[in-house]
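Below you'll find the structure, written out as C-alpha cells, and then a few comments.
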Amino acid sequence: DGGITQSPKYLFRKEGQNVTLSCEQNLNHDAMYWYRQDPGQGLRLIYYSQIVNDFQKGDIAEGYSVSREKKESFPLTVTSAQKNPTAFYLCASSIGGAAYTEAFFGQGTRLTVV
Amino acid sequence: DQQVKQNSPSLSVQEGRISILNCDYTNSMFDYFLWYKKYPAEGPTFLISISSIKDKNEDGRFTVFLNKSAKHLSLHIVPSQPGDSAVYFCAARPLNTGTASKLTFGTGTRLQVTL
C-alpha cells in the first residue's frame, strides 16, 4: 500500500542530545514537509522540500535540520539548540507541480525530551 | 500572528444533527482551503477542500462553504455520526508557493458527537 511511514512512533531522548526522526514515502510525491503539533495549537511548518537536494525553512525552523538525498526520504534532526523539543512531529507529502492538491500525512512521532 | 483561526475549541452535537465547524482567515493571498480530521496520536487525514473560485463543495455528508468577502469558511457534516468525533483542522494555502503545497493550519476544533 502507498503511504507515508514515520518511525519510531514514540521517542525518548535526554536533554542536549540530537535526535533524528525518519520519514519515508512511496507515493512518488515530489514535495515533503515536517510539521510540529503542540497541545492546543495547530500544526506549524518546520521545513519543506519541493525536490531532491533542495529544502526551505518553514515558520519554526530554528533548532532543526533536514536533508533530502532521496525522493522517498526526508529525515528531520532535532538538535540540542531546539529549546522546546517535546512535541508531536508530523511528516507529510504532496504531488509537486499541482496547483490544488492536499498533503498526505504520516502517523506521527511523539518525541519526549527528559 | 494567527492567519487561520478556529475560534471554537470544542463543539458537541447530537447524533443525526448537523455539525457546523467554522474557520476564519486573514491572509487575502490564500486561495485553496482544506479540512482535515485528526484522531489522537495519529496523523491528520484529508476530508474535503475548496478553491477560491468556488463557494461550495460537497462530498457525501461533508460540505464546505467559502465566503471570500468575509474571509470565512465552514464545514457542515450532515448527519453527524459518533465516528465523526475527532479534532478538525482548517488549513489554507497561498498563491505562488511554487510546487509546494505549504499549508497554514488553524488550532483545531474538537467535535464530539453524542448518542
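- Inspection of non-hydrogen atoms places B/G106, B/T107 of residues 106-114 of chain B under 4.5 Å from chain A.
- Using a 4.5 Å heavy-atom threshold, the side chains of A/E102 and B/Y36 count as touching.
- In this structure, B/L103 and A/Y35 have side chains that are in contact, with non-hydrogen atoms separated by less than 4.5 Å.
- B/K102 NZ to A/Y33 OH: the interatomic distance, rounded to the nearest 0.5 Å, is 10.0 Å.
- Around NZ of B/K54, the count of heavy atoms belonging to other residues, nucleotides or ligands within 6.0 Å does not exceed 12.
- With contacts defined as side-chain heavy-atom distances shorter than 4.5 Å, the pair A/F105/B/T45 does not qualify.
- Counted within 6.0 Å of CZ on B/R17, heavy atoms from surrounding residues, nucleotides or ligands total 12 or fewer; the atom is thus considered open.
- Only the backbone of A/Q41 comes within contact range of chain B, with heavy atoms under 4.5 Å apart.
- Residue A/Q37 touches chain B through its side chain alone, counting heavy-atom pairs closer than 4.5 Å.
- Residues B/E42 and A/F88 are not in side-chain contact: their nearest non-hydrogen atoms beyond the backbone lie 4.5 Å or more apart.
- More than 12 heavy-atom neighbours from other residues, nucleotides or ligands sit within 6.0 angstrom of NZ on A/K71.
- Think of A/Y47 as one node in a network of Ile, Leu, Val, Met, Phe, Trp and Tyr side chains linked at under 4.5 Å; its network also takes in A/L11, A/V19, A/L21, A/M32, A/W34, A/I46, A/F55, A/I60, A/Y64, A/V66, A/F74, A/L76, A/V78, A/Y89, A/L111, A/V113.
- Placement of B/F89 and B/I20 in two distinct hydrophobic clusters is found when ILVMFWY residues are connected by side-chain heavy-atom separations under 4.5 Å, directly or transitively.
- For A/L90 against B/K38, the heavy-atom pair with the smallest separation is CD1-CE, 4.4 Å.
- In this structure, B/F62 is a member of the same hydrophobic cluster as B/W35, with clusters built from ILVMFWY side-chain heavy atoms closer than 4.5 Å.
- Across A/D59, A/I4, A/L43, the residue that shares the most heavy-atom pairs under 4.5 angstrom with chain B is A/L43.
- When the side chains of ILVMFWY residues are joined at heavy-atom separations under 4.5 Å, either directly or via intervening members, B/F65 and B/L11 end up in two distinct hydrophobic clusters.
- If you chain together hydrophobic residues whose side chains sit under 4.5 Å apart, B/Y88 and B/L66 fall into the same group.
- A/L45 touches chain B through its side chain: at least one heavy atom from C-beta onward sits under 4.5 Å away, while N, CA, C and O do not.
- Put simply, of B/A41, B/S49, B/P44, the one with the most heavy-atom pairs under 4.5 Å next to chain A is B/P44.
- When the side chains of ILVMFWY residues are joined at heavy-atom separations under 4.5 Å, either directly or via intervening members, B/V13 and B/I48 end up in a single hydrophobic cluster.
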